[in-house]
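Take a look at the structure below.
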Amino acid sequence: MTRLSAITPSGHVQLGNYLGAIRQWALHGGPGDLYFVSDLHAMTTPHNPSRLRSLAREQLAIVIAAGVPPESVFVQSDLVRELGALTWLLECTCSYDEASRMTQFKEKSDGRAGVRLSLLTYPALMAADILSQGAAEVPVGADQAQHVELARTLARRFNGVYGEIFVVPDAVLPPSGARIRDLCDPTRKMAKSTQNSAGVVFVLDPPDLVRRKIKRAVTDNMSTVEYRPAERTGVANLLEILAGCEGSEPEHAGESMRSYAELKDAVAEAVIETLRPIRERAEQLLSDVDELRLVREGGAERARQRCAYRLDAALRLAGAS
Ligand code: TYM
């Protein structure tokens with residue numbers, strides 16, 4: 001069984017990416033799994049090419065530093081020809097209505113001029129990522145579940161119309177940490193590309209900065225430490241982060257705590273200790289040009305070989321060759 005997932009280098013890796021996704025990849029990954037840096041997805045909004053290249057490298061280092069085996073990782077653009085071909089077939093399987101209904105498209109395009117066409121069609125590329133490799137499970141945070149659902153729909157439709165070739169994938173959400181919120185504005189999810197980074201803990205942030213950001217997290221004017229996500233979002237978010245780091249349940253994570261100050265101290269220490277080994281290993285990897293390059297080349301070759309048969313068969317079934 002293949003599990004597959006990815007992270008887009010649209011900014012520095014943040015705590016939500018780690019707790020909601022990367023940690024699950026490292027914890028539950030098997031030998032046939034694939035995890036990659038989806039750099040092509042970062043081109044759907046205005047981007048700077050050299051920053052994109054450097055973020056892609058940083059993300060590759062963090063994914064490996066977090067414990068994902070180097071044999072399971074690759075960078076998406078190394079398969080651009082294969083994925084480009086399959087994306088086209090899947091765009092020809094997807095309706096305009098289905099693509100424009102995606103929450104992320106609506107949020108990112110709302111009120112903006114010059115929206116890139118790729119922002120609309122990107123879920124077809126994401127479906128190509130998943131379906132090309134025959135992935136059965138796709139571990140993601142809650143915000144990506146809708147895109148995986150669309151990949152399911154397209155797989156079923158393609159199989160039904162042209163012939164059985166694609167595995168129909170399932171999204172797998174983590175037991176906790178599926179939607180970590182911004183520390184300054186807990187009504188929003190924590191995101192890599194948020195303008196104000198005070199509410200976002202980045203995986204490579206030094207410990208002092210992590211502590212400062214968590215100390216300033218928005219809570220409420222109550223005082224008891226209780227997990228009530230609907231009414232007390234800020235406190236619930238801190239409990240989710242704590243539970244995510246400790247591997248416990250957010251309902252129980254703050255049971256012994258008497259004040260918000262105590263909660264914030266515990267969260268800061270848990271986050272710092274969780275991220276420390278990852279930051280240290282990632283920094284080592286980033287300083288070794290050859291190691292990352294070799295991992296990347298090996299990963300591309302393996303991923304390319306694995307998707308070749310399915311891609312050729314899909315093109316043939318659709319009448320393209
Ligand atoms: P991306 O880069 O936005 O996010 C990477 C992973 O992190 C999860 N995530 C979160 N989880 C919890 N709390 C948060 N605040 C939070 N923010 C992000 C996301 O759900 C995701 O699992 N399009 C995808 C990458 C992608 C992909 C794929 C995923 C490309 N191809 C194929 C799965 C399969 C993306 O931009 O994720």
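Order of appearance sets the numbers: ligands from 1, and atoms from 1 within every ligand.
Considering only non-hydrogen protein atoms, atom 11 (N) of ligand 1 sits nearest to G16 O, 3.2 Å. Atom 23 (N) of ligand 1 has as its closest protein heavy atom Y122 OH, 2.8 Å. Closest to atom 18 (C) of ligand 1 among all protein heavy atoms lies N17 ND2, 3.1 Å. Here the heavy atom of the protein found nearest to atom 30 (C) of ligand 1 is H41 CE1, 3.3 Å. In terms of protein heavy-atom proximity, atom 37 (O) of ligand 1 is nearest to Q144 NE2, 3.6 Å. Considering only non-hydrogen protein atoms, atom 36 (O) of ligand 1 sits nearest to T8 OG1, 2.7 Å. In terms of protein heavy-atom proximity, atom 20 (O) of ligand 1 is closest to D143 OD1, 2.4 Å. The protein atom (non-hydrogen) at minimum distance from atom 26 (C) of ligand 1 is A6 CB, 3.5 Å.
Remark: ligand 1 and S38 share no N or O pair separated by less than 3.5 Å (distance only, no angle test). Looking at A142 next to ligand 1, no N or O pair under 3.5 Å apart turns up. Note: an N/O pair closer than 3.5 Å links G141 and ligand 1 by distance alone.
Proximity of V138 to ligand 1, defined as any heavy-atom pair under 4.0 Å, is confined to the side chain (atoms from C-beta onward). Contacts of A178 with ligand 1, taken as heavy-atom pairs under 4.0 Å, involve the backbone alone. Heavy atoms of D129 found under 4.0 angstrom from ligand 1 belong exclusively to the side chain. Under 4.0 Å from ligand 1, the heavy atoms of I130 that appear belong solely to its side chain.
Summarising the geometry of R216 relative to K264, their closest heavy-atom pair is C-NZ, 4.3 Å, with the distance given to 0.1 Å. Between P9 and S38, the shortest heavy-atom distance links the atoms CD-O, 3.4 Å.
Taking CZ of R3 as the start and CH2 of W25 as the end, the distance is 13.0 Å to the nearest 0.5 Å. How far OG1 of T121 is from CG of L90: 11.5 Å, rounded to the nearest 0.5 Å.
Ionic pairing of R304 and E82 is present here: one or more N-O contacts between side-chain nitrogen and carboxylate oxygen are shorter than 4.0 angstrom. A salt bridge links E98 to R157: one of the charged nitrogens lies within less than 4.0 Å of a carboxylate oxygen. Residues R152 and D170 are paired through a salt bridge, judged by an N-O separation under 4.0 Å between the basic side chain and the carboxylate.
A side-chain donor from one of H252 and E255 sits under 3.5 Å from a side-chain acceptor of the other. Between the side chains of Q284 and R281, a donor-acceptor pair is found at a separation under 3.5 Å. No hydrogens or angles considered: a donor-acceptor pair under 3.5 Å links the side chains of Q14 and N17. The closest side-chain donor-acceptor pair between T194 and N196, if any, does not fall under 3.5 angstrom.
Distances from ligand 1 to the non-hydrogen atoms of K192 include at least one value under 4.0 Å. A heavy-atom separation below 4.0 Å is not found between A191 and ligand 1. Residue contacts with ligand 1 include Q14, since one or more of its heavy atoms lies under 4.0 Å from the ligand.
Atom numbering of ligand 1 starts at 1 in the shown order; those under 4.0 Å from a heavy atom of A21 are 6 (C), 7 (O), 22 (O). The ligand atoms of ligand 1 that sit less than 4.0 angstrom from a heavy atom of G20 are 11 (N), 12 (C).
Remark: among candidates I180, V148, L83, the nearest residue to atom 13 (N) of ligand 1 is I180, based on non-hydrogen atoms.
By the 30° and 60° cut-offs, the orientation of the rings of Y122 relative to H41 is perpendicular.
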Could you walk me through whether L239 and V225 pass the side chain to side chain contact (heavy atoms under 4.5 Å, CB included) test, one step at a time?
CA-CA 9 Å; L239 288 168; V225 179; 4.0 Å; yes
